[in-house]
Amino acid sequence: MFKAFGPAMESGLPWAAILGNHDQESTLNREELMSLISLMDYSVSQINPSADSLTNSAKGHKMSKIDGFGNYNLRVYGAPGSMMANSSVLNLFFLDSGDRVVYQGIRTYDWIKDSQLHWLRHVSQEPQAQEQDPLHSTDHVTSPITPPALAFFHIPIPEVRQLFYKQIVGQFQEGVACSRVNSAVLQTFVSMGDVKAVFIGHDHTNDFCGNLDGIWFCYGGGFGYHGYGKAGWPRRARIILAELQKGKESWTSVQKIMTWKRLDDEKMSKIDEQILWDHLHSR
């Protein structure tokens, strides 16, 4: 882990991580791993939501527990000195998709639970807009009140298999290894309305993006050399770029979210650039 996160820490860059399905197979359990990750230099990772964020004030309902470790939301605020400096312009949702379980007597991959989805819906509905900075009163926010969101978890949901029959950007080179249980993650994201793209791992030689019900599902590309790959197929890393919109006097909200991959070849080749979301064409 220190080798994997080392470049970010040495550069002084904020970074976040979630767990895959193999990480607890050494000497630390999943809770201990997320605790360590959250304490590493420049990490903005969290073990789980705070007690406050598990309380639904509207209904007076409090969740006593949330499944897994590494469920958290990071709000990306607007540019310093801009009218959006105290407002979230992008939400990053992180979820623990677990490892292995036995379900109805059959060994399968884990899945995102109801408690996690309940928390996610609550966080998504929280008001996030702040009072406009009077110094930039002539700027007008043209994006929706709710900022766009991106979600990150490791094990793909069953619906990703459908993308084998749909148009994709990238390569579909191995079967989707998902849970036997469909816990309505896709339906939850669709009903929330703010999640524009989801980023998954697990299947190392899949690196594609495909659209399910208006939401992009993108594989990271299995960039590490610690797990299996494919001979003659360079390791790759997915890059995500969120561009801010320029107002009359300052930067405002997110205008566009793009992605592409960099290959570990002689030229660090850039491939499969695409737009995931553009506020001008948002639904």
Side-chain angles (χ1 to χ4, degrees), residues 4-5 8 13-23 34 37 44-46 68 70-76 90-98 109-112 116-117 120 123-124 147-163 166 168-174 176-179 183 185-186 188-190 192 194-224 227 235-243 254 256-263 270-278:
F5 303 140
L13 294 171
W15 59 273
I18 49 172
L19 299 175
N21 58 296
H22 290 293
D23 299 314
M34 278 310 303
I37 288 171
V44 291
S45 311
Q46 300 172 29
N71 303 289
Y72 57 102
N73 171 35
L74 294 179
R75 292 183 178 179
V76 181
L90 179 68
N91 275 349
L92 305 178
F93 298 136
F94 298 85
L95 294 163
D96 180 9
S97 56
Y109 285 111
D110 214 339
W111 63 90
I112 294 170
Q116 296 165 278
L117 296 177
L120 195 62
V123 170
S124 174
L150 306 176
F152 300 82
F153 54 86
H154 184 69
I155 300 174
I157 60 173
E159 288 89 343
V160 172
R161 290 173 169 169
Q162 299 172 14
L163 294 172
K166 297 187 178 184
I168 58 173
V169 180
Q171 297 183 59
F172 198 136
Q173 299 188 121
E174 66 176 299
V176 175
C178 59
S179 177
S183 59
V185 173
L186 178 58
T188 299
F189 286 157
V190 171
M192 287 163 54
D194 55 347
V195 176
K196 310 305 177 185
V198 177
F199 300 92
I200 51 179
H202 198 50
D203 305 318
H204 298 203
T205 60
N206 287 339
D207 74 345
F208 63 84
C209 284
N211 198 292
L212 293 168
D213 293 344
I215 300 172
W216 287 97
F217 282 75
C218 298
Y219 276 97
F223 70 91
R235 302 292 168 127
R236 58 208 57 214
R238 179 168 297 282
I239 311 297
I240 308 161
L241 174 68
E243 290 186 348
V254 172
K256 186 186 299 182
I257 300 173
M258 304 177 66
T259 188
W260 59 85
K261 288 161 294 193
R262 286 284 183 186
L263 307 186
K270 178 181 181 180
I271 64 169
D272 294 342
E273 183 173 357
Q274 65 180 113
I275 297 173
L276 296 174
W277 180 77
D278 186 331

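Quantities reported herein were computed from a predicted structural model and do not represent experimental measurements. The residues of the chain are indexed from 1 along the displayed sequence.
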| said: If I compare all heavy atoms of I257 with all of P148, which pair ends up nearest, and what's the gap? | reply: CD1-CB, 4.2 Å
| said: Check the orientation of F5 and W15. Use parallel for under 30°, tilted for 30 to 60°, and perpendicular for over 60°. | reply: parallel
| note | Rounded to the nearest 0.5 Å, the CG atom of L241 sits from the CG atom of L276 at a distance of 10.5 Å
| Could you walk me through whether K166 and L212 pass the side-chain contact (heavy atoms from CB on, under 4.5 Å) check? | CA-CA 9 Å; K166 297 187 178 184; L212 293 168; 4.0 Å; yes
| said: Please check: side-chain N/O of D194 versus main-chain N/O of P147, any donor-acceptor pairing under 3.5 Å? | reply: no
| request: Work out which heavy atom in S183 is nearest to a heavy atom in I112; give both atom names and the distance. | output: OG-O, 2.6 Å
| Where K261 and D272 come nearest, the two heavy atoms and their spacing | NZ-OD2, 2.7 Å
| request: From the options F217, F208, W216, F152, select the one residue that forms a ring pair (Phe, Tyr, Trp, His ring centres under 6.0 Å) with F199. | output: F152
| Within a radius of less than 6.0 Å around CZ of F94, do more than 12 heavy atoms belonging to other residues, nucleotides or ligands occur? | yes
| query | Got a second to check how far T259's OG1 is from Q274's CD, nearest 0.5 Å? | reply | 6.5 Å
| query | Which pair of heavy atoms, one from I271 and one from W260, lies closest together, and at what distance? | reply | O-CB, 3.5 Å
| When rounded to the nearest 0.5 angstrom, what is the spacing between CG in L19 and CG in L95? | 12.0 Å
| field | Spatial distance of atom CG (L186) from atom CD1 (I157) [nearest 0.5 Å] | value | 5.0 Å
| remark: Closest non-hydrogen contact found for S45 with A17 is OG-N, 3.1 Å
| field | Close side-chain approach of D96 and Q116, heavy atoms under 4.5 Å | value | yes
| field | Side chain R238, main chain D207, donor-acceptor under 3.5 Å | value | yes
| query | F93 versus V198: any side-chain heavy-atom pair under 4.5 Å? | reply | no
| field | Beyond-backbone contact of Y219 with Q173, side-chain heavy atoms, under 4.5 angstrom | value | no
| query | Any sub-3.5 Å donor-acceptor pair from S97's side-chain atoms to W111's backbone N or O? | reply | no
| query | Taking the side chain as C-beta and beyond, is there a heavy-atom pair between N21 and D110 under 4.5 Å? | reply | no
| request: Say whether, by atom type as modelled, one donor and one acceptor occur between the side chain of E174 and the main chain of T205 under 3.5 angstrom. | output: yes
| request: Determine the interplanar angle of the H202 and H154 rings, folded into 0 to 90°, and report it as parallel if under 30°, tilted if 30 to 60°, perpendicular if over 60°. | output: perpendicular
| message | Rounded to the nearest 0.5 Å, what separates atom CG in D278 from atom CE in M258? | response | 9.5 Å
| request: Measure the CZ-CD1 distance between F153 and I200 for me, rounded to the nearest 0.5 Å. | output: 6.5 Å
| How far apart are the closest heavy atoms of A177 and I155, and which atoms are they? | O-CG2, 3.8 Å
